[in-house]
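Okay, structure first, notes after.
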Amino acid sequence: MIGVGKMKQYANVLDRPLSKGKQEVSLSAFAFLFSELVQYNQTQVDNIAELERRLEDAGYAVGARVLELLCHREKGNRRETRLLGILSFIHSTVWKVLFGKVADSLEKGTEHEDEYMISEKELLVNRFISIPKDMGAFNCGAFVAGIVKGVLDNAGFPAVVTAHFVPVDGQQRPRTTILIKFAEEVLRREARLG
């Protein structure tokens, strides 16, 4: 709009402040770009496990950058130091920035003390992907698992993060669960902090 308010004009994009800008990306543009990422990586590998690893690596870089940006914007350059704090941060803040809503659930594993699960009924990266029969259990959620791993590792919470399909009765598509298994050092630190 011309003549409304006194909006400062910046000659260079690097001179602009890191404030919240427009946060939405076209869903069709994202779906196209992600599809191209999957197709490109598919031509570079020989098996499904390697394809998922490459998607996870791509997601890891995104997660590292998302953590830096959100810590700057939302937390005044402070990071979470507690286990439940970082999980809640991922479940709510990170998920909302990336997918426009909070994740469906965050649960603690019942069998192992070091496992947590973030579940999503219809994960955005799996919504527009049709998997050929010969690719079996390929899960594009590996990209999101990489994002979560990138956030956790760079926040000082090393973990093994994997994506799994979990069948749900009465639904055609299974839900995606991001399984987080923390390193022993994280649990020891958490016990020490009390």
Is any side-chain heavy atom of [X] less than 4.5 Å from a side-chain heavy atom of [Y]?
| X | Y | value |
| --- | --- | --- |
| Ile178 | Met117 | no |
| Arg79 | Leu67 | yes |
| Lys101 | Asp104 | yes |
| Phe34 | Leu37 | yes |

Glu190 and Arg82: CA distance, side-chain angles, deciding distance, salt bridge (Lys or Arg N to Asp or Glu O under 4.0 Å) verdict: CA-CA 7 Å; Glu190 190 66 21; Arg82 301 300 301 263; 3.0 Å; yes
Find out if a path of hydrophobic residues (ILVMFWY) with successive side-chain heavy-atom gaps under 4.5 Å connects Phe32 to Leu98.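 Looking at the clustering, Leu98 is in a separate group from Phe32.
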Starting from Phe138, can I reach Val45 by hopping between I/L/V/M/F/W/Y residues whose side chains sit under 4.5 Å apart? yes
Using distance only, find each side-chain donor-acceptor pair of residues 179-187 under 3.5 Å and give its atom names and separation, not counting sequence neighbours.
| unit_1 | atom_1 | unit_2 | atom_2 | d |
| --- | --- | --- | --- | --- |
| Lys181 | NZ | Asp114 | OD1 | 3.2 |
| Lys181 | NZ | Asp114 | OD2 | 3.0 |

Passes salt bridge (Lys or Arg N to Asp or Glu O under 4.0 Å), Glu113 versus Lys108? Steps please. CA-CA 8 Å; Glu113 192 72 20; Lys108 184 173 178 30; 3.3 Å; yes
What residues, two or more places apart in sequence or in another chain, satisfy side chain to side chain donor-acceptor pair (under 3.5 Å) together with Ser28? Ser26
Would you mind writing out the side-chain donor-acceptor pairs for residues 141-166 within the sub-3.5 Å range, not counting sequence neighbours?
| unit_1 | atom_1 | unit_2 | atom_2 | d |
| --- | --- | --- | --- | --- |
| Lys149 | NZ | Asp153 | OD2 | 3.2 |
| Lys149 | NZ | Ala159 | O | 2.8 |
| Asp153 | OD2 | Tyr60 | OH | 3.3 |
| Asn154 | ND2 | Gly150 | O | 2.7 |
| Thr162 | OG1 | His164 | NE2 | 2.7 |

Leu124 vs Leu27, test: side chain to side chain contact (heavy atoms under 4.5 Å, CB included). Steps then yes/no. CA-CA 9 Å; Leu124 183 64; Leu27 186 57; 3.4 Å; yes
Using every non-hydrogen atom in the two residues, find where Asn139 and Glu52 come nearest and quote the distance to one decimal. N-OE2, 2.8 Å
More than 12 foreign heavy atoms under 6.0 Å from CG of Asp46: is that the case here? no
Can you find a side-chain donor-acceptor pair between Ser35 and Gln39 that sits under 3.5 Å?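 On atom types as modelled, these side chains qualify, holding a pair under 3.5 Å.
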Leu83 vs Leu87, side chain to side chain contact (heavy atoms under 4.5 Å, CB included): CA-CA, chis, key distance, verdict: CA-CA 6 Å; Leu83 184 66; Leu87 286 171; 4.3 Å; yes
